[in-house]
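Each remark here refers to the structure printed beneath this line.
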Amino acid sequence: YAEGSRRFFKRRYAFIDRVWNSPKPFIASVHSYCLAAASDLANTCDVTIASDDAVFGYPAVRWGGHTHRLTYPWHLPFKKAKELMLTGDRMSAADAERHGMVNKVVPRDKLEEETRAMAARMVMIPLSGLIVNKLSMNYSNNVQGYQQAMTYSFQMAETNLWRKNDFFEKVQGEGLGSAL
């Protein structure tokens, strides 16, 4: 169980690293629940547009879970990030926008249109400019410790996640509904 879980998380977060390290911009278009790794992925994207029904969070902390990519401190005020990670509470799209984690909130029926409009504005910028700007911005976060924090978070998860956790064992053996 532990080795399989370790490989699963390494693959999942390797994908998120590819989004972060890609020279091309990524836009997250979020509706409904954006929890756990989905929230990490949305935070890793360069721009996030959310519908007014979107909800962000990492509720698994309530059952002993933890993130392997602690992206919240890089996208939220530190105290708000701690609140979410220490309570498992969720945050509305409006609050995520107010705190700077989401670029724009739109009605659900306008989400695809707004995402396409953002992409259309980006493609008007010469590719060399997009690449230099994205990589420069990412470098700025890396200088502040982003990559080190992500590595540390995963190392902590490797150390602690694989310990006995009745909730996650029940999920694996009997399913999420039974565990809840």
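None of these values were measured; they are calculated from a predicted model.
Separating the SG atom in Cys45 from the CG atom in Asn103 is a distance of 10.5 Å, to the nearest 0.5 Å. Rounded to the nearest 0.5 Å, atoms CE (Met91) and CZ (Arg98) are 9.0 Å apart. Between the CZ atom in Arg90 and the OG atom in Ser39 there is a gap of 11.5 Å [rounded to 0.5 Å]. Distance CD1/Ile27 to CE/Met118: 6.5 Å, rounded to 0.5 Å. A distance of 7.5 Å separates CG in Asn21 from CG in Asn142, rounded to the nearest 0.5 Å. Atoms NZ and CD1, on Lys24 and Ile131 in that order, are 7.5 Å from each other to the nearest 0.5 Å.
Taking each heavy atom of Leu41 and Phe15 in turn, the nearest pair found is CD1-CE2, 3.9 Å. Looking at every heavy atom in both residues, Cys34 comes nearest to Ala38 through SG-O, 3.4 Å. Considering every non-hydrogen atom in both Ser51 and Ala93, the closest pair reads O-CB, 3.3 Å.
Of the possible donor and acceptor atoms, none in the side chain of Lys134 sits under 3.5 Å from a partner among the backbone N and O of Phe26. Panel note: side chain Ser22, backbone Arg18; no donor-acceptor pair is recorded below 3.5 Å. Thr48 contributes a side-chain N or O that, together with a main-chain N or O of Ala42, makes up a donor-acceptor pair within less than 3.5 Å.
One hydrophobic cluster holds both Val105 and Met101 under the rule that ILVMFWY side chains link at heavy-atom gaps under 4.5 Å. Hydrophobic clustering of Ile, Leu, Val, Met, Phe, Trp and Tyr side chains at less than 4.5 Å, counting indirect connections, unites Tyr58 with Leu76. Side-chain heavy atoms closer than 4.5 Å link hydrophobic residues (I, L, V, M, F, W, Y) into clusters, and following such links, even through other members, never connects Val55 to Val102.
For the salt bridge (charged side-chain N to carboxylate O under 4.0 Å, His left out) with Arg116, the qualifying choice from Glu114, Glu113, Glu112 is Glu112, the only one to do so.
Comment: Lys80 engages Glu83 in a salt bridge, judged by a side-chain N to carboxylate O separation of less than 4.0 angstrom.
At most 12 non-hydrogen atoms from other residues, nucleotides or ligands lie less than 6.0 angstrom from NZ of Lys104. Residue Arg62 qualifies as enclosed at atom CZ: its count of foreign heavy atoms under 6.0 Å is above 12. In the displayed structure, Gln144 atom CD is contacted under 6.0 Å by more than 12 heavy atoms of other residues, nucleotides or ligands.
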Exercise. Hey, mind stepping through Met137 and Asp46 against side chain to side chain contact (heavy atoms under 4.5 Å, CB included) and telling me if it holds?
Worked result: CA-CA 10 Å; Met137 295 293 290; Asp46 303 295; over 6 Å; no

Exercise. Going through the distances and angles, do Val61 and Met85 end up as a side chain to side chain contact (heavy atoms under 4.5 Å, CB included)?
Worked result: CA-CA 7 Å; Val61 300; Met85 293 310 302; 4.0 Å; yes

For this session: Kindly determine whether Asn43 and Phe56 satisfy side chain to side chain contact (heavy atoms under 4.5 Å, CB included), including the steps that lead there.
Result: CA-CA 10 Å; Asn43 282 331; Phe56 298 85; 5.9 Å; no

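Within the 4.5 Å cutoff, no side-chain heavy atoms of Pro25 are placed close to those of Val47. Side-chain contact between Ile49 and Ser29 is absent, with no heavy-atom pair separated by less than 4.5 Å.
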